[in-house]
Amino acid sequence: MRRQTPTFLFLFLIFFSATFYLLGNAGSLGFLEKGLQPVQKSTFGFFNFFGGVGKSEELSRLKEENLNLSKKIVDQKKLESDIAAFRNQFETETIRTSDLLPSEVLGIKGFVPNITPPEYLVIDKGSADNVRKEDAVVFKDNYVGKVERVSIFQSKVLFPTNSAFSTSAKTQTGVLGVIKGQGGGEMILDNVLLSEKISVGDLVLTGPDTDLNGSGASPNLIIGKIVSIEKSELFQKARIKSLIDYSTLSRVFVFRGR
Amino acid sequence: MILALVFLFALVIEGTLSLIPLVFVILLNLLIIKRDNSIFYIAFLAGIVLDLLSVRPVGLTSAYLVTFFLAVLLYERKFEIKSFFFITLASFFGSLGLLFLTSFSSVIILQAIVATCISLIVFKFYESRLGVL
């Protein structure tokens with residue numbers, strides 16, 4: 001004998017799903033987020049630890065050195081341009097510590113954890129900490145991504161390699177373009193005029209990307225380095241490689257320069 | 001007991017680290033094998049937890065899972081659903097729909113294929129353990 005299809009149960013649960021949706025939008029589910037955060041932290045910490053077992057200390061040290069050297073190149077270029085243009089103090093941009101909100105990473109999601117490149121991360125700061133959509137997330141002087149969705153105590157941050165990501169950018173020589181995520185750990189600097197000169201090895205930095213509310217990236221954060229260049233009839237585009245390994249991040253900073 | 005642990009493990013992994021819809025494929029197999037209404041409650045709660053962990057609109061995954069599982073039971077009235085053919089189709093298209101709604105990944109078809117493979121492994125496991133076929 002066949003059972004009855006649970007239509008009433010279905011309607012009951014759909015009603016509750018809609019209720020949860022409305023409560024979530026109204027910001028009334030913060031206590032559930034808080035309650036689940038320890039589970040997320042423990043799981044992420046556990047897998048992050050085992051994910052890092054195969055990576056040698058020497059490699060980590062070299063990556064760290066590489067980051068510091070890249071920062072020095074950017075600082076030097078910036079200093080040169082500052083001197084050349086006699087910029088006044090208000091026009092020089094650096095990240096002030098007071099603009100940064102330290103956040104712990106609760107999860108980094110990818111196709112296969114620790115094997116395929118990650119797509120986005122979740123941090124433990126949300127609208128309760130004044131985090132807003134489109135805010136930039138940084139690590140040292142490196143751009144990690146932008147906030148895509150905010151809840152009360154958590155935020156979702158898209159990496160620049162995510163296919164839903166795009167932002168304005170410039171090279172260290174000041175050539176403007178648009179960074180577009182391609183998915184699978186790839187990103188490109190697109191819409192660069194053919195008349196502009198870009199070279200393999202050039203660093204790519206965030207451009208002016210602040211909206212009217214003040215959300216967005218501070219200029220001159222390092223997005224990555226050009227590894228190859230393609231030219232078409234109108235524009236040229238470059239493939240970019242990030243200098244940081246997104247999968248090893250455990251603490252990042254939300255830039256709140258407003 | 002083992003099943004409950006596997007389910008909880010899948011829930012935490014999907015909520016924190018992976019974009020593969022593990023919870024969906026485990027629940028789909030449970031529904032097809034056990035045909036128990038309690039799966040709907042579990043799907044609802046698991047959806048809420050997944051949405052909270054992944055910073056998605058809360059209730060979206062629950063509504064999708066409950067609706068898809070109802071559709072599976074409606075299909076059961078006319079056709080045999082306890083078969084590899086049905087599991088393959090339901091896992092692939094169900095995963096694809098869920099990923100389309102919730103994921104930011106550019107490789108959702110590949111993810112749906114992997115989810116289908118996992119689903120077939122789970123079904124094969126049930127078949128050998130419980131002799132469901």
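Fair warning: this is a prediction, and the values are worked out from it, not measured in the lab. Naming: A, B, ... by sequence-line order, numbering from 1 per chain.
Taking B/V58, B/L17, B/L70 one by one and counting their heavy-atom pairs under 4.5 Å with chain A, the maximum is reached by B/L17. When the candidates A/P118, A/S17, A/G183 are compared by the number of heavy-atom contacts under 4.5 Å with chain B, A/S17 comes out ahead. Most heavy-atom pairs under 4.5 Å with chain B, from the set A/A18, A/G110, A/G107: that is A/G110.
The contact between B/F9 and chain A is made entirely by side chain atoms (from C-beta outward), counting heavy-atom distances below 4.5 Å. Contacts of A/L13 with chain B are made by both backbone and side-chain atoms, with heavy-atom separations under 4.5 Å. For B/F44, the part lying near chain A is the side chain, with the backbone staying farther off; criterion is any non-hydrogen pair under 4.5 Å. For a residue to count as touching a neighbouring chain, one of its non-hydrogen atoms must lie under 4.5 Å from one of that chain's; by this rule B/T61 does not touch chain A. For B/L60, no part sits under 4.5 Å from any heavy atom of chain A, backbone or side chain. With a threshold of 4.5 angstrom between heavy atoms, B/I48 approaches chain A through side-chain atoms but not through N, CA, C or O. Within the 4.5 angstrom heavy-atom criterion, only side-chain atoms of B/V107, from C-beta onward, approach chain A. Looking at A/F16, the atoms closer than 4.5 Å to chain B (heavy atoms on both sides) sit in the backbone and in the side chain alike. Of the atoms belonging to A/Q37, not a single heavy atom falls under 4.5 Å from chain B. Only the backbone of A/S155 comes within contact range of chain B, with at least one heavy atom under 4.5 Å from a heavy atom of that chain.
Side-chain contact between B/I32 and B/F86 is present, with at least one heavy-atom pair separated by less than 4.5 Å. The shortest distance between side-chain heavy atoms of A/L106 and A/Q154 falls below 4.5 Å.
Screening A/K237, A/K180, A/R239 for a salt bridge (charged side-chain N to carboxylate O under 4.0 Å, His left out) involving A/D190 leaves a single residue, A/K180.
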| query | Step by step, would you call B/S18 with A/K109 a side-chain hydrogen bond (donor to acceptor under 3.5 Å, both in side chains)? | reply | CA-CA 5 Å; B/S18 180; A/K109 291 188 102 178; over 6 Å; no
query = Would A/D124 and A/S103 satisfy side-chain hydrogen bond (donor to acceptor under 3.5 Å, both in side chains), going step by step from the backbone distance to the final call?
reply = CA-CA 6 Å; A/D124 68 342; A/S103 315; 4.6 Å; no
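Using the six-membered ring where Trp is involved, B/F24 and B/F69 have ring planes that are parallel, under 30° apart on the 30 and 60° scheme.
In this structure, A/D135 contributes its side chain and A/V131 its backbone to no donor-acceptor pair below 3.5 Å. A side-chain donor-acceptor contact under 3.5 Å links A/K146 to the backbone of A/S166.
Within a 6.0 Å sphere centred on CG of A/L11, heavy atoms belonging to other residues, nucleotides or ligands number more than 12.
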